[in-house]
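Note sheet for the following structure.
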Amino acid sequence: MDHATPPPPLEQALHAARALVLADLVAGEVAEAYVVSLVEDAVTHRRWWVEEWPEGVDYLAGLVAQDVKDALLEKYGRWPLCPVCNHGEPHALDVEPELGPDPMWVCSEAGVRVAPVGGLGPVLRGLGGSGSGSGSGSGFGE
């Protein structure tokens with residue numbers, strides 16, 4: 001039986017970060033090809049970053065999530081929209097801690113933890129929709 005050698009820890013961490021962010025994009029129904037390319041860009045950038053600072057490997061998931069969130073804001077709109085608040089203007093969730101392990105999506109306005117990065121699926125499915133919070137169906141806010 002042929003046993004493949006597991007990828008090095010850096011590659012495992014990069015693959016895990018990519019998978020977590022993609023899971024949240026899929027859960028929010030915004031995993032279009034152009035959005036997935038933003039994830040790939042973020043992973044490429046963070047590969048260089050963690051090669052320069054190996055101690056940061058545990059922070060990759062939160063950093064990739066934040067990079068994708070920032071890229072989407074620049075090009076398309078806020079993401080992920082808060083599924084908790086049903087009043088006021090639609091707003092995006094934040095990644096906390098900004099630089100640390102075990103990143104969470106949080107609503108800063110309500111002061112609540114919504115889900116770990118990669119774990120938006122159950123939260124958004126519980127809403128019975130795309131999780132846009134505004135009923136727009138696109139998952140992006142203006």
Side-chain angles (χ1 to χ4, degrees), residues 3-142:
H3 293 285
T5 304
L10 170 58
E11 291 303 313
Q12 290 178 17
L14 288 165
H15 290 308
R18 176 189 293 115
L20 291 171
V21 174
L22 286 173
D24 287 341
L25 290 164
V26 168
E29 299 177 2
V30 295
E32 305 289 333
Y34 62 88
V35 175
V36 173
S37 71
L38 296 175
V39 176
E40 295 306 318
D41 291 346
V43 168
T44 298
H45 171 74
R46 291 303 172 178
R47 177 187 311 277
W48 172 87
W49 180 84
V50 82
E51 285 172 349
E52 296 296 313
W53 189 50
E55 295 81 15
V57 72
D58 291 337
Y59 310 155
L60 283 172
L63 290 168
V64 170
Q66 186 64 50
D67 291 347
V68 171
K69 177 184 170 187
D70 292 346
L72 285 170
L73 179 60
E74 282 182 28
K75 297 179 190 235
Y76 307 106
R78 290 170 287 199
W79 176 84
L81 292 180
C82 180
V84 175
C85 297
N86 294 326
H87 59 284
E89 291 291 316
H91 56 275
L93 297 174
D94 296 314
V95 177
E96 290 184 8
E98 288 183 24
L99 188 62
D102 305 317
M104 298 285 297
W105 290 114
V106 299
C107 173
S108 297
E109 291 192 18
V112 297
R113 291 177 164 192
V114 176
V117 169
L120 281 177
V123 173
L124 299 181
R125 279 191 297 277
L127 297 174
S130 69
S132 66
S134 64
S136 69
S138 71
F140 293 115
E142 296 302 322

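The minimum heavy-atom distance linking Val123 with Pro83 is given by the pair CG1-CG, 3.8 Å. Residues Asp24 and Gly118 come closest through the heavy atom pair OD2-N, 2.7 Å. Taking both residues in full, the closest heavy atoms of Pro122 and Gly119 are given as CD-O, 3.3 Å, listed atom of the first, atom of the second, then distance. For Ala92 against Arg78, the heavy-atom pair with the smallest separation is CB-CB, 3.9 Å. Counting all heavy atoms, side chain and backbone alike, Ala65 lies closest to Val117 at CB-CG1, 4.0 Å. When all heavy atoms of Ala31 and Val26 are compared, the closest pair comes out as CB-CG2, 3.7 Å.
For Trp53, the ring pair (Phe, Tyr, Trp, His ring centres under 6.0 Å) test picks out Trp49, Tyr59, with sequence neighbours left out. Every residue meeting the side chain to side chain contact (heavy atoms under 4.5 Å, CB included) condition with Ala13, not counting sequence neighbours, appears here in chain and number order: Val57, Leu60. In terms of the side-chain hydrogen bond (donor to acceptor under 3.5 Å, both in side chains) criterion, Glu32 has no residue partners (sequence neighbours excluded). Taking the salt bridge (Lys or Arg N to Asp or Glu O under 4.0 Å) definition, one finds that Glu11 meets it with Arg47, sequence neighbours left out. A search for side chain to side chain contact (heavy atoms under 4.5 Å, CB included) contacts involving Val112 returns Val84, Cys107, Ala110, Val114, not counting sequence neighbours.
Listed by first and then second residue, the salt bridge (charged side-chain N to carboxylate O under 4.0 Å, His left out) pairs involving residues 55-68 are Arg46-Asp67 (not counting sequence neighbours). Applying the salt bridge (charged side-chain N to carboxylate O under 4.0 Å, His left out) test to pairs two or more places apart or on separate chains, those with a residue in residues 87-102 are Lys69-Asp94. Sorted by first then second residue, the ring pair (Phe, Tyr, Trp, His ring centres under 6.0 Å) pairs that include residues 80-100, not counting sequence neighbours, number zero. Screening residues 111-122 for salt bridge (charged side-chain N to carboxylate O under 4.0 Å, His left out), with sequence neighbours left out, gives no hits.
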Note to self: What verdict does the side-chain contact (heavy atoms from CB on, under 4.5 Å) test give for Leu25 and Val36, after you've listed the backbone C-alpha separation in whole Å, the side-chain angles of each residue and the deciding distance to 0.1 Å?
What the structure shows: CA-CA 8 Å; Leu25 290 164; Val36 173; 5.6 Å; no
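Rounded to the nearest 0.5 Å, atoms CG (Leu93) and CD (Glu109) are 10.0 Å apart. With rounding to the nearest 0.5 angstrom, the CG atom of Leu63 is 10.5 Å from the CG atom of Asp70.
Ring-plane geometry between Trp79 and Trp105 is classed as perpendicular, the angle between the planes exceeding 60 degrees on a 0 to 90 degree scale with a lower cut at 30.
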Anything under 3.5 Å between a donor and an acceptor, one on a side chain of residues 15-22, the other on a protein residue two or more places apart or in another chain? List them.
from, atom 1, to, atom 2, distance (Å)
His15, ND1, Arg18, NH1, 2.9
Arg18, NE, Glu40, OE1, 3.3
Arg18, NE, Glu40, OE2, 2.9
Arg18, NH2, Glu40, OE1, 3.3

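Residues Pro54 and Leu10 form no side-chain contact, since every pair of their non-hydrogen atoms from C-beta on lies 4.5 Å or further apart.
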